[in-house]
Amino acid sequence: MLEIKNLHVSAGGQEILRGIDLVVNAGEVHAIMGPNGSGKSTLSYILAGRPGYEITGGSIHYFGEDLTALLPEARAAKGIFLGFQYPVEIPGVATMTFLKHAINAQRKSRGEDELDAIGVMKLVQREAGKLKISSDMLKRPVNTGFSGGEKKRCEILQMAVLQPLLAVLDETDSGLDVDALRLVGDGITGLRAPDRAMIVITHYQRLLNHIIPDFVHVLAQGKIQRSGGKELALELDSEGYGDMPELAPEAAKA
Amino acid sequence: MSDIATLEHSLLGEIAAQEAALASVPPRLRAVRQSAIRRFSETGLPTRKDEAWRWTDLSSFHQPLTGAGAEPSVDPDAMDGPFMRLNAYRLTFVNGVFRIDLSDLPAGVRAGSLRTALSSDPALAERLGDNANAPFLSLNTALLNDGALINVDGNTRLQRPLHLIFVNTGSSHIRNLVVLDARTEITLLESHYGPAGSEYFVNQASDVILGEGARLSHYRDQAESQNALHFHYLNARLAAQSNYNGFTLTRGARLSRNEAQIEISGSDAQCSINGVSMLGGAQISDTTCTMEHRAPGSRSNQIFRSVLDDRSQGIFQGLIRVAKPAQRTEAQQQIKALLLSPRAVQNAKPELEILADDVKCAHGASVGQLDQAAMFYLRARGIDEAQARALLIGAFLDDAVAQIQDGDKDGVGKIQQAVRATIDAWLVQQLVVENV
Ligand SMILES: Nc1ncnc2c1ncn2[C@@H]1O[C@H](COP(=O)(O)OP(=O)(O)OP(=O)(O)O)[C@@H](O)[C@H]1O
Ligand SMILES: [Mg+2]
């Protein structure tokens with residue numbers, strides 16, 4: 001489904017990703033861990049097509065197609081979903097209105113019929129209920145004044161209604177209390193499917209107790225330094241990156 | 001001769017040509033018009049040296065300020081604007097002259113030609129406002145063509161809004177006089193049109209006199225030809241407990257100026273004056289507002305939003321003046337502009353002049369660009385760039401649209417919705433054209 005080869009990315013004149021190789025197949029869940037500033041969010045933005053990053057080397061193919069040639073909206077329509085580490089507040093645009101635009105823009109782009117207001121409402125409310133998101137919250141402007149946990153639940157709601165093929169979830173677990181973590185974990189697990197893949201970026205093992213990953217990768221200094229099974233996450237959780245000097249951020253090395 | 005002098009010369013010529021006709025005008029009206037002629041002859045047209053005109057340079061305009069236009073065809077079905085499809089009484093004016101054949105008047109309310117009303121009731125002339133610092137108002141009185149007289153007395157309640165439709169091809173000095181007796185209320189809509197591309201000058205003035213507890217909802221759609229000049233001078237006086245709620249949608253004209261002189265002379269009154277400007281090309285729109293609080297316990301608010309594309313320019317000058325007796329005044333003013341192009345400009349000058357000590361006043365002006373983080377968030381969800389921009393700009397403008405108080409009895413929010421639809425259509429057109 002996704003094939004990243006020797007990917008190099010710069011921003012603001014600084015090289016951030018320095019040769020990433022990653023293959024993700026349908027049905028798989030990959031966890032990416034790694035110290036702050038190692039380039040995890042940058043990788044997620046590159047997959048979603050955020051402007052402002054320059055690909056200086058390597059390639060990304062998605063279902064055999066050169067992903068880098070597509071606009072962000074085209075990637076979304078082809079099934080790529082980014083759960084933002086920092087969801088953006090959009091004052092003045094009601095969450096329900098936003099979801100209606102997103103759902104129908106993607107359907108239209110895929111040549112499917114658009115849903116009417118009632119169709120959208122039913123779909124959204126069904127998924128919102130599972131995530132304990134009130135209909136009052138859906139009337140409020142996108143992410144505006146939402147608590148950290150509410151923003152993250154809302155990201156999962158968007159994923160649930162948009163039904164992506166490749167979900168990249170960037171620290172969807174940070175800032176969640178225990179109950180919210182369970183809701184979000186269940187939400188993500190519920191979307192696991194043979195034709196769907198996920199890249200879950202996290203700092204903690206606790207989310208991975210809910211969503212058991214097939215692979216765990218450690219990203220540091222812009223490169224995947226180690227890959228393994230779910231036990232690698234457990235190891236990192238108890239030992240940290242301290243035992244892996246080659247993985248520690250610059251400051252810790254000195 | 002400078003361009004200003006040329007313009008002035010042509011206007012004085014027109015005044016001279018009309019002066020002979022003044023002999024047949026009733027004496028009280030003649031006196032008012034003659035005094036306006038004197039005033040305009042003394043002050044002349046404003047230049048950038050006048051503080052109130054420092055950003056709006058008339059000398060760069062070559063549109064003729066005088067001359068009658070060809071008789072335009074009037075086809076309400078072809079006019080595209082927010083109010084055209086609302087169920088309303090209709091008063092149509094062609095080149096400033098009332099056309100009863102194109103109108104649908106309400107019963108029980110004085111509504112019709114101001115010119116006709118002035119000849120049968122010359123005392124009305126004294127209700128026409130005057131201001132030493134408003135040359136275009138003096139010019140309007142001097143050359144007054146026609147306009148609407150609307151007077152609602154205590155016995156009537158209109159179930160539908162009154163809609164004034166102005167179609168212009170030539171220069172016109174339109175004057176509206178709106179007098180609401182105590183505790184009456186109406187919704188007054190205005191639409192301004194002209195054939196695409198035509199050059200003309202509309203110099204409109206409105207005198208609004210609100211009695212105690214009266215309520216006027218006053219919404220204007222300015223969709224003049226992109227080559228026209230459109231000036232509007234609103235002169236409003238609010239008695240105790242009265243309520244003025246105004247909104248102007250500016251989308252037409254090469255140069256437009258919406259000037260408001262509001263005098264809150266009674267206590268516990270409310271005045272809300274708002275607007276949205278959507279400009280592209282080389283359009284310039286100037287909003288200049290003086291809000292005078294002269295009595296205690298009144299509230300005023302002003303919310304203006306503009307979206308500026310290409311080389312367009314927005315100007316806002318707003319003065320809130322709170323006189324000594326106007327204790328417990330609450331006044332706020334908020335101006336925000338969104339620049340869609342690096343060549344677009346917004347100038348803003350908010351000012352406060354407060355002599356009373358127990359007041360709450362807030363004002364703010366900001367100029368910004370589209371939030372790129374929000375743009376990416378929307379696009380990452382599949383919303384294309386043009387649609388994402390339209391959503392963000394629409395939300396930005398909506399702060400001002402939401403100030404419209406729908407007085408329409410057969411449905412809440414119809415006017416707001418209609419205005420939103422016009423804004424959305426503009427956005428789609430502006431953003432799609434850009435992407436080509
Ligand atoms: N647009 C940019 N311009 C310059 N530097 C950038 C830009 N974006 C990211 N960086 C830098 O790249 C590095 C990687 O950032 P990134 O956000 O990808 O890290 P991360 O692994 O997600 O960290 P965290 O765990 O804290 O979320 C950081 O040092 C960051 O400051
Ligand atoms: Mg990050």
Side-chain angles (χ1 to χ4, degrees), chain A residues 44-53 70-95 97-110 112 114 141-144 151 154-155 157-159 161-164 166-168 170, chain B residues 274 276 278 303-307 334-338 340 364 366 368-404 412-413 416-417 419-421 423-425 427-428 431-432 434-436:
Chain A
S44 76
Y45 289 146
I46 282 293
L47 292 174
R50 184 178 191 135
Y53 293 89
L70 299 179
L71 295 173
E73 51 269 36
R75 300 182 195 199
K78 286 178 187 274
I80 292 184
F81 177 88
L82 168 60
F84 283 65
Q85 182 176 2
Y86 304 110
V88 180
E89 300 195 356
I90 307 183
V93 179
T95 304
T97 308
F98 159 68
L99 288 170
K100 179 166 184 263
H101 278 283
I103 291 166
N104 282 332
Q106 294 199 13
R107 293 180 70 97
K108 200 171 152 195
S109 173
R110 292 193 293 259
E112 298 163 12
E114 295 186 28
V142 178
N143 293 321
T144 308
K151 285 181 183 166
C154 205
E155 292 293 295
L157 170 66
Q158 293 171 43
M159 174 170 77
V161 299
L162 293 171
Q163 297 275 316
L166 174 64
V168 183
D170 191 0
Chain B
N274 312 287
V276 161
M278 311 186 290
I303 295 186
F304 290 94
R305 296 287 179 268
S306 47
V307 53
Q334 205 196 60
I335 300 100
K336 287 188 185 168
L338 194 57
L340 298 184
S366 75
Q369 279 141 25
L370 271 183
D371 178 354
Q372 289 308 315
M375 277 298 291
F376 174 62
Y377 192 78
L378 295 172
R379 295 178 71 191
R381 296 297 179 250
I383 300 169
D384 70 33
E385 190 176 1
Q387 180 75 61
R389 296 179 86 187
L391 263 177
L392 293 182
I393 299 166
F396 169 81
L397 300 177
D398 212 55
D399 292 347
V401 180
Q403 301 303 310
I404 293 174
V412 182
Q416 280 194 14
Q417 275 174 20
V419 169
R420 285 193 185 101
I423 290 175
D424 289 345
L427 288 171
V428 166
L431 300 174
V432 165
E434 211 154 84
N435 281 352
V436 170

Practice task
Report the relative orientation of the aromatic rings in A/Y45 and B/F376; use parallel for angles under 30°, tilted for 30 to 60°, perpendicular for over 60°.
Solution key: perpendicular
Practice task
Please look at A/N104 and chain B and tell me whether the side chain, the backbone, both or neither of the residue comes under 4.5 angstrom of a heavy atom of that chain.
Solution key: neither
Problem - Contact origin within A/R75 toward chain B - heavy atom pairs under 4.5 Å - result: neither
Practice task
Any chance you could measure A/I90, atom CD1, to B/F396, atom CZ, to the nearest 0.5 Å?
Solution key: 15.5 Å
Handout entry: Test side chain to side chain contact (heavy atoms under 4.5 Å, CB included) applied to B/L391 and A/H101, step by step
Key = CA-CA 9 Å; B/L391 263 177; A/H101 278 283; 3.7 Å; yes
Exercise for the section: Quick one: which of B/D384, B/I383, B/D398 has the most heavy-atom pairs under 4.5 Å with chain A, could you say? Expected result: B/I383
Exercise for the section: Identify which part of B/Q372 has an atom lying under 4.5 Å from any heavy atom of chain A, answering side chain, backbone, both or neither. Expected result: neither
Handout entry: Residue part contacting chain B, namely of A/P87, when any heavy atom lies under 4.5 Å
Key = both
Problem - Value rounded to 0.5 Å, distance of CD in A/E155 from CZ in B/R381 - result: 5.0 Å
Problem - chain B contact via A/L162 - which portion, at a heavy-atom distance below 4.5 Å - result: side chain
Practice task
Answer yes or no: are there more than 12 heavy-atom neighbours, outside A/K151 itself, under 6.0 Å from its atom NZ?
Solution key: yes
Fill in the blank from the handout: Nearest heavy-atom contact between A/P72 and B/A380 is CB-N, 4.4 Å
Problem - Proximity breakdown for A/F98 and chain B, heavy-atom pairs closer than 4.5 Å - result: both
Completion exercise
Correct closest heavy-atom pair for B/R379 and A/A76 would be O-CB, 4.2 Å
